[in-house]
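Whatever order the structure lists ligands and atoms in, that order sets their numbers, starting from 1.
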Amino acid sequence: MRILVKGAGVAGLTVAWQLYRHGFDVTVQEKAGAVGTGASGFAGGMLAPWCERENAEEPVLSLGRMAADWWEAALPGQVQRRGTLVVAGGRDTGELDRFASRTTGWEWLDEAAIGALEPDLAGRFRKALFFREEAHLDPRRALSGLTAALEEARMRFLFGDSKDKSAFDRIVDCTGAARVGQLPELRGVRGEMLYLETGEINLSRPVRLLHPRHPIYIVPREKNRFMVGATMIETDDAGPVTARSMMELLNAAYALHPAFGEARVAETGAGIRPAYPDNLPRVTALGDTIHVNGFYRHGFLLAPAMAGEVARRLLAEAPQPERLAS
Ligand SMILES: Cc1cc2nc3c(=O)[nH]c(=O)nc-3n(C[C@H](O)[C@H](O)[C@H](O)COP(=O)(O)OP(=O)(O)OC[C@H]3O[C@@H](n4cnc5c(N)ncnc54)[C@H](O)[C@@H]3O)c2cc1C
């Protein structure tokens, strides 16, 4: 069966990967000139199903807990399994109790244990929650890694607009927020983020700073970079980061550690998270097209499970010779 996957964000590339592994003849078509230019390129890359459960339905945990293994199998060495640290400033420690009451999979850390885990945060917080099983990856590295592996396997990538679908039996549409207004109930949720660069502080894992109005997280990257995210604004306006959002993100980073005050702002950006009313992704068949959309805050976390679902549906229609194990 010849499949056209539209969109080369995390949804499209994981579907392409999964279908390739099951022996399908796959072509990826991306409207932009490169992969990962949509929401996926702005993501934190946190694989954090236990933390996300604070504000998400149960499938985020049950479907998301296999994500780290999936990414590790696809891209050996890219997944960092170092857990997530959740802290709150002195006046907001009640937020930690609230977070704990809405999640599982954590352990309490005292001041000494926080310092042992993240030496640069020593003495800054009296207590924290530690989600030991969580993981993270660098989204841009992961997307280019999947693309390189697929290109090496001779998968075809077409860049730019293309309307000709006649060469394909089925289309898998993974075009994210571009379908807002076209797919029933799909909406955009804007997420603004920035990259800070400083050699004055080291973190080994994502750190979430709770706050009643502006909770943020910081995800360490290579080369002294830190991704700071993210706003949650109900709009599909993808324009540049606003001054207000920038101030909120920077204030919160400074509250986590004053060394961020001297950091360089290396990049700012905004991605539109596609979301359905329940904030869970859906695989929906409409005519000869399967839509895989609505990943909201959980593209890297839930795309592997949804890619598996797409593969199961297509295999039920037309079993293919399995190309590779796993
Ligand atoms: C700031 C921020 C932080 C986030 N952090 C995390 C996180 O830590 N962990 C996590 O799991 N998730 C996170 N997310 C959520 C995640 O990024 C999204 O859920 C995910 O990127 C959605 O992926 P997608 O492939 O559906 O959409 P996109 O990444 O937007 O990809 C859609 C692609 O389709 C292309 N396209 C559009 N129209 C067409 C067309 N007609 N033909 C062909 N191609 C087309 C676009 O150019 C784009 O490349 C975050 C999101 C944001 C914004």
Side-chain angles (χ1 to χ4, degrees), residues 4-16 27-49 51-52 56 60 63-64 67-68 70-71 84 134-140 142-143 146-147 157-165 171-180 182-183 186 188-195 206 208 216-219 221 227-233 236 238 241 245 249 267-276 279-283 289 291-307:
L4 176 66
V5 174
K6 292 182 74 171
V10 68
L13 291 174
T14 50
V15 164
T27 298
V28 178
Q29 184 246 321
E30 164 57 54
K31 193 174 182 176
V35 305
T37 60
S40 305
F42 298 103
M46 294 177 294
L47 305 174
C51 277
E52 286 298 311
V60 168
L63 298 174
W70 189 95
W71 285 105
T84 305
E134 296 194 335
H136 70 285
L137 48 67
D138 179 335
R140 295 176 184 177
L143 297 177
L146 276 188
T147 306
F157 279 79
L158 309 173
F159 290 98
D161 225 345
S162 164
K163 299 261 184 281
D164 184 14
K165 299 167 195 151
I171 295 157
V172 185
D173 187 301
C174 303
T175 56
R179 290 284 165 261
V180 171
Q182 296 170 23
L183 279 180
L186 192 72
V189 181
R190 174 178 163 94
E192 295 154 296
M193 50 72 73
L194 42 94
Y195 272 98
R208 294 181 181 226
I216 64 133
Y217 52 80
I218 298 194
V219 189
R221 298 267 197 266
M227 185 277 194
V228 184
T231 57
M232 298 273 293
I233 302 172
D236 58 355
V241 173
S245 298
L249 293 171
E267 185 185 326
T268 65
I272 303 303
R273 310 173 183 94
Y276 289 110
N279 294 329
L280 293 172
R282 295 181 191 169
V283 175
T289 301
H291 290 270
V292 188
N293 214 317
F295 282 98
Y296 185 52
R297 286 168 59 104
H298 308 126
F300 286 80
L301 185 63
L302 298 182
M306 293 300 110

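Contact shell of ligand 1 (protein heavy atoms, cutoff 4.0 Å): Lys6, Gly7, Gly9, Val10, Ala11, Gln29, Glu30, Lys31, Thr37, Gly38, Ala39, Ser40, Phe42, Ala43, Gly44, Gly45, Met46, Cys174, Thr175, Gly176, Ala178, Gly191, Met193, Tyr217, Ala230, Gly271, Arg273, Phe295, Tyr296, Arg297, His298, Gly299, Phe300, Leu301.
For the side-chain hydrogen bond (donor to acceptor under 3.5 Å, both in side chains) test, no residue two or more places apart in sequence or in another chain qualifies with Thr268. Every residue two or more places apart in sequence or in another chain that forms a side chain to side chain contact (heavy atoms under 4.5 Å, CB included) with Met306 is listed here: Leu63, Pro281, Val283, Val292, Phe295. For Asp138, there are no side-chain hydrogen bond (donor to acceptor under 3.5 Å, both in side chains) partners, not counting sequence neighbours.
Considering CD of Glu134 and CD of Glu52, their distance stands at 8.0 Å, rounded to 0.5 Å.
A side-chain contact (heavy atoms from CB on, under 4.5 Å) with Glu30 is found for one member of Thr37, Thr147, Leu158 and no other, namely Thr37.
Taking the six-membered ring for Trp and thresholds of 30 and 60 degrees, Phe157 and Phe159 have nearly parallel ring planes, at less than 30 degrees apart.
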